[in-house]
Amino acid sequence: MSRLSFQTFCIEFYSHHIKQSSDKVFRLFEREGVLDLLEREYEDLHGMGMEYMMQFLDEYLGERVEKCCIAGSGIDNAGEGMEHYLIRATIIPGIVERIQEYYHMTEREALRAFYHSATGASLADDETGLYGQSELFLFGLFLEEERNLWEK
């Protein structure tokens, strides 16, 4: 598993674990240094089972998760769309790689650009149904969003 795939899986699994959108979890991970930890400790962490990884992240983040994730602002997907976070975890690395190549960004910059975008937020919302779209289609949405930002 590549470092990018590992980071994406952790973001998406943790979003499901704490019932928060993955764009919010990305911001939490970025602010609290989890992305740096996942990068730095990749060799030791990527072989962990996801259940153990979620426990590790819970312990690492502690109360900071509660401060970040205000009651009522989460997602309620218990029993519904349980596989959607798995689909997102699978397709996001390819989208990020395309962003990285197209804009000549580092992997982290491209990951940040995607999760901070409206496209990333829409993909994180199961109600949009975007999890059922292809990597290429989602990359096209991202490009269109970026073009619209530049034109304003």
Check the angle between the aromatic planes of H116 and F26 and answer parallel, tilted or perpendicular using the 30° and 60° thresholds. perpendicular
Q100 vs R108, test: side-chain contact (heavy atoms from CB on, under 4.5 Å). Steps then yes/no. CA-CA 9 Å; Q100 183 181 1; R108 179 69 60 87; over 6 Å; no
Angle between ring planes, F114 versus F142, binned at 30° and 60°: parallel, tilted or perpendicular? tilted
Angle between ring planes, Y60 versus F56, binned at 30° and 60°: parallel, tilted or perpendicular? parallel
How long is the straight-line distance from OG of S21 back to CD of E12, given to the nearest 0.5 Å? 9.5 Å
Could you grab the distance from atom CG of L86 to atom CZ of F9, nearest 0.5 Å is fine? 7.0 Å
Nearest 0.5 Å, please: how far is CZ in F139 from CD1 in I92? 14.5 Å
Any chance OH of Y52 has more than 12 other-residue heavy atoms, nucleotides or ligands included, within less than 6.0 Å? no
Side-chain heavy atoms of V96 within contact of T8, under 4.5 Å: no
Drop me the distance from R40's CZ to L35's CG, to the nearest 0.5 angstrom. 11.0 Å
Considering all heavy atoms, the nearest I99-A110 contact: CG2-CB, 3.8 Å
Identified side chain to side chain contact (heavy atoms under 4.5 Å, CB included) partner of R88 from the options L130, I11, L123: L123
Between E43 and R3 the two heavy atoms that sit nearest each other are OE2-NH2, 3.8 Å
Trace of the ring-ring contact (aromatic ring centres under 6.0 Å, His included) decision for H17 with Y14: CA-CA 5 Å; H17 175 69; Y14 202 67; 5.4 Å; yes
Non-hydrogen atoms of L38 and C10 that approach each other most closely: CD1-CB, 3.9 Å
Is the closest side-chain heavy-atom distance between L61 and F29 below 4.5 Å? yes
Does anything in residues 131-146 form a side chain to side chain donor-acceptor pair (under 3.5 Å)? List the pairs, not counting sequence neighbours. H84-Y131, R98-E135, T119-E145
For M50 and M54: C-alpha separation, side-chain torsions, deciding distance, then whether side-chain contact (heavy atoms from CB on, under 4.5 Å) applies. CA-CA 6 Å; M50 274 301 155; M54 297 303 102; 3.9 Å; yes
Is a side-chain donor or acceptor of S22 paired with a backbone partner of S15 at a separation under 3.5 angstrom? no
Roughly how far, to the nearest 0.5 Å, is the CZ atom of R27 from the CD atom of E32? 14.5 Å
Test item: side-chain donor near acceptor, E51 and Q55, under 3.5 Å: no
F6 and M53: CA distance, side-chain angles, deciding distance, side-chain contact (heavy atoms from CB on, under 4.5 Å) verdict: CA-CA 11 Å; F6 175 65; M53 192 69 200; 4.0 Å; yes
Could you give the distance from CD1 (I91) to CD1 (I95), rounded to the nearest 0.5 Å? 4.5 Å
Go through the steps to decide whether V34 and L57 satisfy the test side-chain contact (heavy atoms from CB on, under 4.5 Å), and finish with yes or no. CA-CA 8 Å; V34 175; L57 292 170; 3.7 Å; yes
Side chain proximity check, L143 to Y103, heavy atoms < 4.5 angstrom: yes
